[in-house]
Amino acid sequence: MKQNRSDFYTSVWQIVEQIPIGRVTSYVAIARTLGAGKSARMVGYAMNACHLTNLNVPAHRVVNNKGLLTGKHHFGAPEKMQELLESEGLKIENDTVKNFTIVFWDPAKELNL
DNA sequence: ACTTTGACTATAA
DNA sequence: GTTATAGCCAAAG
């Protein structure tokens with residue numbers, strides 16, 4: 001499969017798009033699935049443009065490697081992201097996903113293989 | 001082509 | 001706990 005455009009962005013979007021409700025994943029996990037485990041920043045970068053896509057990208061389900069809602073400031077309102085996550089059954093405390101290791105959804109494991 | 005930037009991560013002080 | 005620094009890599013200017 002070959003994507004003429006920036007496959008990085010589209011790949012990120014497609015992965016994030018498949019995150020189940022009540023689950024979260026980390027930037028590094030997505031980057032790792034794309035074959036660039038160190039390109040976690042790029043994942044966030046792609047998220048910045050997720051609202052420009054036709055796809056429904058639940059960026060609120062993407063947090064940093066510690067479950068911290070690093071990108072909450074990009075949802076228009078800092079509390080929006082937490083509210084969305086809580087709306088999906090997740091528990092947020094101190095801007096961090098509780099039981100992060102439990103609700104963590106690894107695309108590299110759940111998606112493929 | 002070069003520089004800057006950024007929703008990251010890790011380590012150090 | 002914070003702030004600084006470095007490594008990382010792709011997109012945008």
Check the distance between [N]'s [atom2] and [X]'s [atom1] and give it to me in whole angstrom.
X	N	atom1	atom2	value
A:Ile30	C:dA10	CD1	P	16 Å
A:His51	B:dA7	NE2	P	12 Å
A:Leu68	C:dT2	CG	P	10 Å
A:Leu52	C:dA12	CG	P	10 Å
A:Asp95	B:dC8	CG	P	13 Å
A:Arg61	B:dA7	CZ	P	21 Å
A:His74	B:dA7	NE2	C1'	5 Å
A:Phe100	B:dC8	CZ	C1'	13 Å

Next item on the list: Verify the contact: side-chain N or O of A:Ser39 to OP1 or OP2 of C:dC8, cut-off strictly under 4.0 Å; return yes or no.
Entry: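 Answer no for this pair, as no side-chain N or O of A:Ser39 is under 4.0 Å from OP1 or OP2.
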Check: Hey, is the side chain of A:Asn64 poking within less than 4.0 Å of OP1 or OP2 on B:dA7, counting only N and O atoms?
Finding: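 So the side chain of A:Asn64 is outside the cut-off, no N or O lying under 4.0 Å from OP1 or OP2 of B:dA7.
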Next item on the list: Applying side chain to side chain contact (heavy atoms under 4.5 Å, CB included) between A:Ser26 and each of A:Thr70, A:Val62, A:Asn65, report the one that passes.
Entry: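 The side chain to side chain contact (heavy atoms under 4.5 Å, CB included) with A:Ser26 is passed solely by A:Asn65 among A:Thr70, A:Val62, A:Asn65.
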Note to self: As an exercise, state the distance from OG1 of A:Thr25 to CZ of A:Arg32, rounded to the nearest 0.5 Å.
What the structure shows: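 Between atom OG1 of A:Thr25 and atom CZ of A:Arg32 there are 12.0 Å.
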Margin query: So, under a plain 3.5 Å distance rule, would you say the side chain of A:Tyr27 forms a donor-acceptor pair with the base of B:dA7?
Written below: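 When only heavy-atom distances are counted, A:Tyr27 does reach the base of B:dA7 through a donor-acceptor pair under 3.5 Å.
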Note to self: Could you check whether the side chain of A:Arg41 and the base of C:dC9 have a donor-acceptor pair of N or O atoms closer than 3.5 Å, going by distance alone?
What the structure shows: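 There is none.
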Next item on the list: Say whether, by atom type as modelled, one donor and one acceptor occur between the side chain of A:Thr53 and the main chain of A:Ala49 under 3.5 angstrom.
Entry: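 No: the side chain of A:Thr53 does not pair with the backbone of A:Ala49.
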Next item on the list: For A:Arg23 and A:Phe104, indicate whether the former's side chain and the latter's backbone hold a donor-acceptor pair under 3.5 Å.
Entry: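 Present.
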Next item on the list: Using the six-membered ring wherever Trp is involved, compare the ring planes of A:His60 and A:Phe75 and label them parallel, tilted or perpendicular (cut-offs 30° and 60°).
Entry: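 Perpendicular.
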Notebook entry, point to check: Between A:Tyr9 and A:Lys38, which is nearer to the 5' end of DNA chain C once each is assigned its nearest nucleotide?
Noted result: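 Looking at DNA chain C, the more 5' nearest nucleotide goes with A:Lys38.
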Notebook entry, point to check: How would you label the contact of A:Ala59 with the nucleic acid (heavy atoms, under 4.0 Å): base, sugar-phosphate, or nothing?
Noted result: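 Base, at least one base atom sits under 4.0 Å.
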Notebook entry, point to check: Which part of the nucleic acid, if any, lies within reach of A:Asn65 when heavy atoms closer than 4.0 Å are counted: base, sugar-phosphate only, or nothing?
Noted result: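 It contacts sugar-phosphate atoms only.
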Next item on the list: Take A:Lys66 and A:Met81, find for each the nucleotide of DNA chain B with the closest heavy atom, and name the residue whose nucleotide sits nearer the 5' end.
Entry: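 So the residue in question is A:Met81.
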